Every structure is written in structure tokens, then in C-alpha cells.
Amino acid sequence: MAIKIYNTMSRKLEEFIPGGEPKEQITDYPPVTIYSCGPTVYSFAHIGNFRTFIFNDLLRRYLKFRGYSVDHAMNITDVDDKTIKGALAEGITLKEYTDKYTKIFFEDLKKLNIEPVEHNPRATESIEEMIDIIKKIDEKGIMYNSEGSLYFDISKFPQYGRLSNLDKREIKAGARYDADEYNKEDVRDFALWKAPKENEPFWETPYGPGRPGWHIECSAMIRKIFGKTIDIHTGGVDLIFPHHENEIAQSEAAYGEKFVRYWLHVEHLLVDGAKMSKSAGNFYTLRDLLNMGYSPRPIRYLLISAHYRKQLNFTLEGIKHSEQALERIDNLIVRLRDIKKEEHNFNECDNLIAKLYFDFTEAMDNDLNISGALGVFFEFVSKVNTLISEEKLSKNDAEKIIAAINKLDSVFGFINFESEEDVDAERIEALVQERIQAKKDKNFKRADEIRDMLKEEGIILEDTKDGTRWKRKK
RNA sequence: GGCGCUGUACCCAAGUGGUAAGGGAGAGGUCUGCAAAACCUUUAUUCAGCGGUUCGAAUCCGCUCGGCGCCUCCA
């Protein structure tokens, strides 16, 4: 059984073979090389952006779950029109400006429980490698210089357009192909290197001073970090054209070898039925939502729970639904931890867990079908709840089940969330004890009073036959 | 105009040829001093619509209607 993923290049579901060479065992494969297009650090990322980054996270986590090791890079674009403009507007250096938003970006990633990746190259730290590629392209005569800017010559790269299927495209009447201020021979040619304008930062090169075009950094970083064909390249669907098409053109023209084996593209997050985007103004940042009182955990759940190739319509109601779903999982774990029974009289626990793994893997192997996998998981939750109600599980069974849930959570990343120690634990515990005594004394008025008081603080009490447990409402 | 994604219950969402997963919400029941949690039962003769292929289709084909995106910076 192998993982199947949808490759934008072939528009088909393909069996995933890292390195292009089938091996006997998963552990025989070299680390899976992944490159993900990261953010341009000119302002806060919005949660549409995070949908893609959470998908990247799901992908690498699942590969690891399946036994692959991963070598994953995500870039930080820290020089482009927007960052330059932003720095200028604030009267600080480009570096000061981009450092600020880079830091915020990584904080947000952490809040969403997105694993750090192995490499986070910055565009401004990869100039040398960009020039290397440009030299190669130059040697092959596939570029030209126009007013100090260097352009890739589409007409000399016949494969251009294979990824986006736009090679034979007709130009829509009125399309703004003349938007670029520079002189290009063909409207579809794109800048490898841009001549400096007034007040803009620039780097000295054998081709003269200037700054990178947008697409060159990804090609350069991939070469710098991986040095050869990579397995997976990810990004939002809006990057298929022109960004990824241009990356392919640059890298394959320069090095004459296949650039990427599998192209994975994440569909957009919609809000009110339209694409969430900065320019449209219809976006939420993570901070917006946190300020509204939502937690990162249900946000992660919501963004991860729909299949990545389907548009997902974001609503605040969706976050609430996610909170409820998570509560169901949390309640199960609380119940499992509460089991004290020592003797074993149930023999199906291992089978139940084995089936969980099998069905989960089957769903996820199919192009990372997380919704199917969640269905499998919640069926398991129901079964275990029933077993607990029937008092069939021992403490040992419960521990095995918790371990299995944690194993799946190495992929989900929304169950075990960092939670701070409860500073009020002692006080709450004392009140709980007082209430137990009140109940014994049939003083239900006082008992309810305590319960209501704690509820005000968001603390839920649950009476079980073994005593009272409490939890914070998430 | 070209290239894509998409339309499944009140909401979210799997299923891509074998007779509709799962979550939320709703209703009834069990348990409980009352709750909460959990469990049980229940909620789509039907998958935008209409044709076709097939023993059999939500799944394949055709047409129609609707939503979204890319073709310009964009995850």
C-alpha cells in the first residue's frame, strides 16, 4: 500500500515514490525533500495563508507517521515591492521591517501548533545562488537585458506552460499585460533581476546593481538546499501561474534536469463565498480571531478538517463547530484517564486499535483524505465511549487507547495542545470538596451554588460514580 | 474567451460503479438530587436538474443551471 497524491503537473492521482526509485521498505527511502512557498513578510498573514501552511504541516506529519523522514524548506520572502514600500513608509530599513513581520509569522505558526521545518531560507540571504542560476540561464542564451533588468525569454523554453495548462492560452481582451513598467520583448517574459529604482535597496552583481525578481528566490533556494530534483513542491493554487510555472522554467532551463516530482496545490479559503485576500480586504488574521475570543486550537481543527483540494468557506460558526468536535475528543480522554479498573476482561482492545490505524492510514493514503480519517477517528471515539459506559476497559486498556490517540495526534496536531498549568487548581479543588460535602449533607442549594459559581468562571463540574471531576471550558 | 475547482440532510463534510461515513445542531429515552458528560434511538428511498451507458450510478458520459478561482501582486 502506498500513498497516492494528486500531482498538478499530470492532473492525476499518482503513487508517491520519493527519489523516483521504488524501494522495498519505507525506511529505505532517502528523506523526502519538500519545498513550500512561504510568506512575503510585509504584514500579518491571514488565516487563508495559514490554511496552506497547516496543510504543509499535515503533509510532513503524515509522511513521518508513515515512516518517511522529511527534509522540508519554507522560504521567507523579505524583499519585494511590498516590503520595500512598507519599510520606506515606516522610515526603517528593509531588514528591520521584515524582521518584525517574520517574527510575528513564526509566533503565529507556533500558536497553530505548526511544526518548525528544517530550513527557512530568506531571499536576501540567497542572492549569490540567484546569480548562479542567472549565469547558467545567460550561458544558454535564454535571457536578455533590458534597461538593466534581466528577463527570461519564454520563446526559448518550449515547455513553458505545462504546469498551468496555459501554454496555449488566449489572452483575454483587456488583460493587464502591460502592467509591468519595464520593457519586455514578450508580455509573458518575466523578470529574473530588476534594475534598482530610486530609494530601493540593491545588490551589486556582474550584471549590474539590482534586486531579485519574485520567482528566482525559490529556484535558488531549492538548488542551494537540496541541490537536485526535489520530491514535493507545495503552495496555494494561485501560485500555479505564474510563480510555479516560472520556477520550473528557470530551474530546468539552468540545470537541464527535472525540477520537482510532485506539485501539490492547496485550494483557497473563502469568506462569504469569495476568496480571502489582502487586496479584497475580506480577511481575518489569527490575531483578529484570538482577540474575538477564539482559540488557536479549533482554528487549526477547522482549517485542517476539509480536504486540501477543496475550497473551504470560512465562518465563525465553523470555529464553534470545531470547538464542539474537540470537546468530544477531550471528554473521551478525561473519561479514559478516570478509569481505575485493574482487572482485564476485554480482549478486543488491541484489535480495535489496529483497525483504527489501518482505516486511518487507508484514508490518509488517498491524497491525504483528512475528512475520511476524521470520520474513522470519531467512529473509534464512539466505540470507546460505549466500552467505557459498559465498564469493559481496564486502566491498562485506557493507557493503550490514549497512546493510540497520541499517535494519531502526531498527524492531527489538535489534540495535545500546549496548555498552561492551572494556577487556580488548589482553590477549585477546595470548592469541589466543599460541594461534595454539601451534597452528602443534602445541601443541594449550596452544591448548586458552587457549581454555578465555577461555571461563571468557565469551569465545568461533572459528577461520576467515583467522584467529581472538573475541566475548563475551552 | 482559455484553464481549473465545485454543487451530498438544518449547518460542516467523506464517499468516485454495488445500494448514502463522520462532526455540529434538533427530537425522544437511559443515568443523575438536579445538571454535565456518556450511551441508546431518531433526523437524505436520496446525492443541483434532465437525459444516456450499466444487472446496478451520488459515483461514468452528455446537456442544462448555480457557486468559486487563475489567466495581474496573491497561500
Side-chain angles (χ1 to χ4, degrees), chain A residues 8 11 36-40 42 45-56 80-82 161 164-173 175-180 187-188 214 234-243 245 265-270 273-280 301-302 305-307 309-313 315 317-318 320-332 334-335 338 359 363 366 369-382 384-390 439 442-444 447-448 451-452 455 460-465 468-471:
Chain A
T8 306
R11 310 268 167 186
S36 301
C37 282
T40 301
Y42 72 102
H46 61 61
I47 54 161
N49 302 131
F50 285 119
R51 181 189 191 192
T52 302
F53 301 132
I54 286 176
F55 168 72
N56 295 337
D80 82 315
D81 291 349
K82 286 176 184 140
S164 56
N165 242 333
L166 288 173
D167 49 335
K168 291 164 284 189
R169 76 186 185 288
E170 294 169 21
I171 295 165
K172 185 186 178 183
R176 289 160 45 207
Y177 267 100
D178 56 350
D180 204 300
V187 288
R188 295 175 304 167
W214 174 33
T234 74
V237 286
D238 49 1
L239 297 186
I240 295 171
F241 187 87
H243 185 52
E245 196 69 74
H265 290 99
V266 183
E267 259 298 348
H268 287 307
L269 190 67
L270 309 182
K275 174 183 168 181
M276 182 176 285
S277 79
K278 292 275 178 59
S279 47
Y301 181 94
L302 177 63
S305 63
H307 187 80
R309 280 196 292 120
K310 276 200 167 181
Q311 292 169 340
L312 171 61
N313 193 29
T315 61
E317 200 192 355
K320 292 201 186 92
H321 287 173
S322 301
E323 284 170 352
Q324 303 279 28
L326 287 168
E327 204 177 322
R328 185 164 165 76
I329 299 169
D330 291 345
N331 285 330
L332 175 71
V334 168
R335 291 184 89 204
D338 237 24
D359 292 345
N366 179 21
N369 181 359
I370 184 81
S371 307
L374 283 171
V376 168
F377 179 60
F378 277 107
E379 271 182 84
F380 176 79
V381 168
S382 280
V384 172
N385 265 321
T386 303
L387 289 169
I388 296 173
S389 291
E390 292 170 349
K439 275 178 39 171
K442 303 274 183 213
N443 183 358
F444 296 123
D448 289 352
R451 188 170 61 196
D452 291 345
K455 196 177 175 188
I460 308 295
L461 300 189
E462 292 174 1
D463 295 335
T464 72
K465 68 182 180 60
T468 299
R469 63 185 175 222
W470 62 274
K471 66 182 183 190

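FYI, side chains are in, hydrogens and waters are out, and symmetry mates aren't considered; it's all heavy atoms of this structure. Naming: A, B, ... by sequence-line order, numbering from 1 per chain. As the structure is a prediction and not an experimental result, all values here were calculated from the model.
One interatomic measurement links the two molecules: CG of Asp238(A) to P of C71(B), which rounds to 8 Å at whole-angstrom precision. At whole-Å resolution of the value, CG in Leu374(A) and C1' in A13(B) are 10 Å apart. One interatomic measurement links the two molecules: CD of Glu317(A) to C1' of C11(B), which rounds to 6 Å at whole-angstrom precision. Per the geometry, CG belonging to Leu269(A) stands 14 Å off C1' belonging to C12(B), to the nearest Å. Rounded to whole Å, atom C1' of C31(B) lies 11 Å from atom CZ of Arg335(A). For the pair Met276(A) CE and A75(B) P, the computed distance is 13 Å after rounding to whole Å. Atom-to-atom, CG of Asn313(A) to C1' of G69(B) comes out at 13 Å; the value is rounded to the nearest Å. If you take CZ of Phe377(A) and C1' of G22(B), they are 12 Å apart, rounded to a whole angstrom.
Between Leu312(A) and His307(A), the closest side-chain pair of non-hydrogen atoms is not below 4.5 Å.
Ring geometry for Phe380(A) against Phe377(A) counts as parallel: the plane angle stays under 30°, on a 0 to 90° scale with 60° as the upper cut.
Distances were taken from every side-chain heavy atom of Pro242(A) (C-beta onward) to each of A37(B), A75(B), C73(B); the shortest belongs to C73(B). Checking A37(B), C73(B), G69(B) against the side-chain heavy atoms of Glu462(A) singles out A37(B) as nearest. Set against G69(B), C73(B), C68(B), the side chain of Leu270(A) has C68(B) as its closest nucleotide. Checking A75(B), A14(B), A37(B) against the side-chain heavy atoms of Thr52(A) singles out A75(B) as nearest.
The backbone N or O of Glu267(A) sits nowhere less than 3.5 Å from a side-chain atom of Gln311(A) that would complete a donor-acceptor pair.
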Please list each protein N or O that sits under 3.5 Å from an N or O in nucleotides 5-7 of chain B, with the distance.
residue	atom	partner	partner atom	Å
G7(B)	OP1	Lys310(A)	NZ	3.2

Scan nucleotides 58-62 of chain B against the protein and return all N/O pairs shorter than 3.5 Å with their distances rounded to 0.1 Å.
none

Between the protein and nucleotides 32-34 of chain B, list every N/O to N/O distance that falls short of 3.5 Å.
residue	atom	partner	partner atom	Å
G33(B)	O6	Arg435(A)	NH2	3.4
G33(B)	N1	Asp448(A)	OD1	2.9
G33(B)	N2	Asp448(A)	OD1	3.4
G33(B)	N2	Asp448(A)	OD2	2.7
C34(B)	O2	Arg451(A)	NH2	2.5
C34(B)	N3	Arg451(A)	NH1	2.8
C34(B)	N3	Arg451(A)	NH2	3.2
C34(B)	N4	Asp463(A)	OD2	3.1

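Between G28(B) and G33(B), the distance separating the two C1' atoms is 23 Å to the nearest Å. Taking atom C1' in both G17(B) and C61(B), the straight-line distance is 13 Å, to the nearest Å. Atom name P, nucleotides A57(B) and G67(B): the rounded distance is 30 Å, in whole Å.
Looking at Arg309(A), His268(A), Lys275(A) one by one, the single match for side chain to side chain contact (heavy atoms under 4.5 Å, CB included) with Val237(A) turns out to be His268(A).
Residues passing the side-chain contact (heavy atoms from CB on, under 4.5 Å) test with Ala363(A), sequence neighbours excluded: Ala373(A). Shown here are the side chain to side chain donor-acceptor pair (under 3.5 Å) partners of Lys471(A), two or more places apart in sequence or in another chain: Asn331(A), Glu462(A). With sequence neighbours excluded, the residues satisfying side-chain contact (heavy atoms from CB on, under 4.5 Å) with Gln324(A) are Glu327(A). Lys310(A) meets the side-chain contact (heavy atoms from CB on, under 4.5 Å) test with no other residue; sequence neighbours excluded. In terms of the side-chain contact (heavy atoms from CB on, under 4.5 Å) criterion, residue partners of Ser382(A) (sequence neighbours excluded) are, by chain and number, Arg328(A). Every residue two or more places apart in sequence or in another chain was checked for a salt bridge (charged side-chain N to carboxylate O under 4.0 Å, His left out) with Arg51(A), and none qualifies. For Asp463(A), the side chain to side chain donor-acceptor pair (under 3.5 Å) criterion is met by Arg435(A), Lys439(A), Thr468(A), not counting sequence neighbours.
The base of C73(B) sits within donor-acceptor range of the side chain of Lys82(A), with an N or O pair under 3.5 Å.
Residue Asn385(A) places at least one side-chain N or O closer than 4.0 Å to OP1 or OP2 of C39(B). Look at Asn369(A) and you won't find any side-chain N or O under 4.0 angstrom from OP1 or OP2 of A14(B).
Counting any heavy atom pair closer than 4.0 Å across all strands shown, Leu461(A) reaches a base atom.
In this structure, Arg451(A) pairs ionically with Asp448(A), as a charged nitrogen and a carboxylate oxygen lie closer than 4.0 Å.
With 3.5 Å as the limit, one finds a donor-acceptor pair spanning the side chains of His265(A) and Thr8(A). Side chains of Thr464(A) and Arg335(A): no donor on one and acceptor on the other come within 3.5 Å.
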Per-nucleotide pairing state of RNA chain B [Watson-Crick or G-U, under 3.5 Å; [ ] pseudoknot-crossing; | other strand]:
((((((((.[[[..)..(...]]].(((((.......))))).....[[[[[..)....]]]]])))))))....
Heavy atoms under 4.0 Å is the rule here; annotate nucleotides 23-29 of chain B 5' to 3' with B where the base is hit, S where only the sugar-phosphate is, and - elsewhere.
BSS----
